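Structure, as structure tokens:
Numbers here simply count residues along the sequence, with the first being 1. Owing to the predicted nature of the structure, the values given are computational and were not obtained by experimental measurement.
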Amino acid sequence: MSNNKQAKQERSEFGELDVATLKERLENEQKALWKLKFDLGKRQLQDTAEISNTRKRIARIHTYLRQLELKQEAGT
């Protein structure tokens, strides 16, 4: 799947999730990033672009968490 299609799919998916689920996904992505970096160091990583894609997913999750936080502040 191309990066653009994947990004669109993730945006629609993240828009429907609640804070707890997003935080869980964030934790899983951070663990995956750590593992990818570790594998890169051991020269076992085949697709180095996966590191960049994981970092972008983490950034998207942070963005959606911030948007939800701002919506909560505006509602109070």
Can you tell me how far [atom2] of [Y] sits from [atom1] of [X], rounded to the nearest 0.5 angstrom?
X	Y	atom1	atom2	answer
L36	E29	CG	CD	9.0 Å
N53	T48	CG	OG1	10.0 Å
N28	I58	CG	CD1	10.5 Å

Please examine the side chains of [Y] and [X], heavy atoms only from C-beta on, and report whether any two atoms are closer than 4.5 Å.
X	Y	result
E69	L65	no
L33	K37	yes
E27	K31	yes

Enumerate, atom names and distances included, each donor-acceptor pair closer than 3.5 Å involving a side-chain atom of residues 17-25, sequence neighbours excluded.
residue	atom	partner	partner atom	Å
D18	OD1	T21	N	3.3
D18	OD1	T21	OG1	2.4
R25	NH1	E13	OE2	2.4

More than 12 foreign heavy atoms under 6.0 Å from NZ of K71: is that the case here?
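Not more than 12 within 6.0 Å, no.
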Shortest non-hydrogen separation from Y64 to R11 and the atoms involved =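 Smallest interatomic distance, heavy atoms only, reads OH-O, 3.2 Å.
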**Listed once per pair and sorted, the ring-ring contact (aromatic ring centres under 6.0 Å, His included) pairs that draw on residues 34-60, sequence neighbours left out** =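 Output for this query lists W34-F38.
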- Between S52 (side chain) and A49 (backbone), is there a donor-acceptor pair under 3.5 Å?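 No; zero donor-acceptor contacts below 3.5 Å.
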Carboxylate-amine/guanidinium contact E50 R57, below 4.0 Å
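Counted as a salt bridge, because a side-chain N and a carboxylate O are separated by less than 4.0 Å.
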